[in-house]
Protein chains: 2
Amino acid sequence: MVDRGEQKQKTRHLLISSALKLSAEKGFASLSLREVAKAAGITPAAFYRHFHDIDELGLALIDEVGLGLRQLLREARRSIDPNRSVVRSSVEAFISYITENSNLFRVLQGERQGASTAFRRALFTELGRFIEEVTEDLEKESIRKNQPLLDVGLAAEAIVAVTFTVGAEALDLPKHKRPELSERIVKEIKMILRGALAMPETTRASKISTPKKIKGKASR
Amino acid sequence: MVDRGEQKQKTRHLLISSALKLSAEKGFASLSLREVAKAAGITPAAFYRHFHDIDELGLALIDEVGLGLRQLLREARRSIDPNRSVVRSSVEAFISYITENSNLFRVLQGERQGASTAFRRALFTELGRFIEEVTEDLEKESIRKNQPLLDVGLAAEAIVAVTFTVGAEALDLPKHKRPELSERIVKEIKMILRGALAMPETTRASKISTPKKIKGKASR
DNA sequence: AATTTCAGTATACACTCGTATACTGAAACG
DNA sequence: CGTTTCAGTATACGAGTGTATACTGAAATT
């Protein structure tokens, strides 16, 4: 005698994870209800006990993706090694996460321009949340280091854009080439952060005259 | 009496543009040979006179996309108004281009993570070319203004990533909100450029990286 | 003018698709 | 208990799929 709701939940999740796997291989848009059902080991008709549509499953899938993303960020925060650059350890956490959850990430990236507007909107919302969290992190860091940043939100947006775009390449790369990719991302992020630094006096003009020494703290 | 090869070329192009239109609506991955053929006004079987596969048509489509991109860049260069920022006019050219050729752009973005490896590889090649052209532009500007830049290639990569990622949002935005989007992109690009500036002497000091444990404040 | 070439048509095939309908059998419930 | 609920099955349908095969008719070649 097995619990009923529990069993249903289990099947539901099986459907989602099957869809995730298949989506990563051939794109969510080209999935058929039947093949998802088959992959989950149930009859096509039984599918309707869980979702009344493939698109409804899609939305559930996006929730899953969003959850994964937020976990990733938390993980990255947690694993910060004070001896290493925050940026570097975050990026490395990100890369290792997306290569381990490549299905999740492929769907996230692939469906960004895909299918329905509702679909896209849901994804954008998730991404927006992600950017927001990065923004908060940046603000905290900025205060902690006493290095004021301008347009933190924009910086976060740019950082996320770069990380996701360039990071996506990792999925097609042999493992040994990934560190090089990480390095590239790290450099680009630091570039953005440098550009976001509010520099006393000289901020507005992009031509740098002679920036004054930054704050008293010796940086070494 | 009509020229034969010419007529064939015409039909071929009709197939491609039909596929483009349909792809933008529902994603290339979910296209069927039959509906593309029907949209182009020919019989399914006649499709095989032009491509022996839907994926082969896909590759042709990517060529088209790449061509469009390079045209865009050339256009952006041409329309530079010395009274306005190069960045701003380029970004605006880009936004107006992708909203006018939204089909092309949707496919480009959507298929980046899509389908086959061959497909993706072809797209990356096109994007690589694009980044390369931006790199060259940056180098020229850098010399013209006598403002040396560091890691120009990386800066170009970041700029393209940001422009494409954020720019993609324009497609779902009502026209009157697009200038605001452009503004955001412009700011982020300038941020990157500022970060790429090789600053005399003080460069190191303002870097945000934390190569070693910072001995800073006794914050505990 | 006779012949060849070939883009496109017509038809037919075996599949897969989404979905509707009637069912089964065990967990949940009164 | 017996009854109800309901996740999952079995089957069947019409519609769309990719592709093979034989064809047509006009442009191109000889």
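What's counted below: heavy atoms across the whole structure, side chains too, no hydrogens, waters or symmetry copies. Predicted model, so just to flag it, every value in this text is computed and none were measured. Throughout, a chain's letter reflects where its sequence line sits, starting with A, and its residues are numbered from 1.
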With respect to the phosphate group of C:dT19, does any side-chain polar atom (N or O) of A:His52 fall under 4.0 Å of OP1 or OP2?
no
Give the nucleotide from the list D:dT9, D:dT17, C:dT19 with an atom nearest to the side chain of A:Arg34.
C:dT19
Which residues pass the side chain to side chain contact (heavy atoms under 4.5 Å, CB included) test with A:Arg74, not counting sequence neighbours?
A:Arg70, A:Gln71, A:Arg77
Is B:Ser32 near enough to D:dT17 that one of its side-chain N or O atoms lies under 4.0 angstrom from OP1 or OP2?
yes
Report the nucleotide, chosen from C:dG8, D:dT9, D:dG18, that has the shortest atom-to-atom distance to any side-chain atom of B:Tyr48.
D:dG18
Rounded to whole Å, the CG-C1' distance (A:Asp55 to C:dG18) equals 13 Å
Side chain of B:Leu33: nearest nucleotide among D:dT21, D:dG8, D:dT19?
D:dT19
When the distance from CZ of B:Phe51 to P of D:dT19 is rounded to whole Å, what number comes out?
14 Å
Donor-acceptor pair between B:Arg112 and B:Gln109 side chains, under 3.5 angstrom:
yes
Please evaluate residues B:Phe130 and B:Phe124 with respect to the criterion ring pair (Phe, Tyr, Trp, His ring centres under 6.0 Å), reporting the C-alpha separation (whole Å), side-chain torsions for both, the decisive distance (0.1 Å), and the verdict.
CA-CA 10 Å; B:Phe130 192 78; B:Phe124 270 117; over 10 Å; no
With a 4.0 Å cut-off on N to O distance, would you call A:Glu183 and A:Arg178 a salt bridge?
no
For the pair made of CD in A:Glu56 and P in C:dT19, what is the distance, rounded to whole Å?
12 Å
Protein-nucleotide distance (B:Gln9, atom CD; C:dA7, atom C1'), rounded to Å:
13 Å
Residue mapping more 5' on DNA chain D - nearest nucleotide basis, B:Leu31 or B:Val2
B:Leu31
For atom CG of A:Leu14 and atom C1' of D:dA7, their distance in whole Å
14 Å
Just the rounded figure in Å: distance from P of C:dG25 to NZ of A:Lys8.
21 Å
Mind calculating the distance between CG (A:Leu57) and P (C:dG18) to the nearest angstrom?
12 Å
Against the side chain of A:Ala46, the closest entry in C:dT9, C:dG8, D:dG8 is D:dG8
Any N or O donor-acceptor pair under 3.5 Å from the base of D:dG8 to the side chain of A:Arg49?
yes
Provide, to the nearest angstrom, the distance between the CZ atom belonging to B:Phe47 and the C1' atom belonging to C:dG8.
14 Å
Could you tell me whether A:Glu35 and A:Lys38 have a side-chain N and a carboxylate O separated by less than 4.0 Å?
no
When you match B:Arg4 and A:Gly5 each to their closest nucleotide on DNA chain C, which lands nearer the 5' end?
B:Arg4
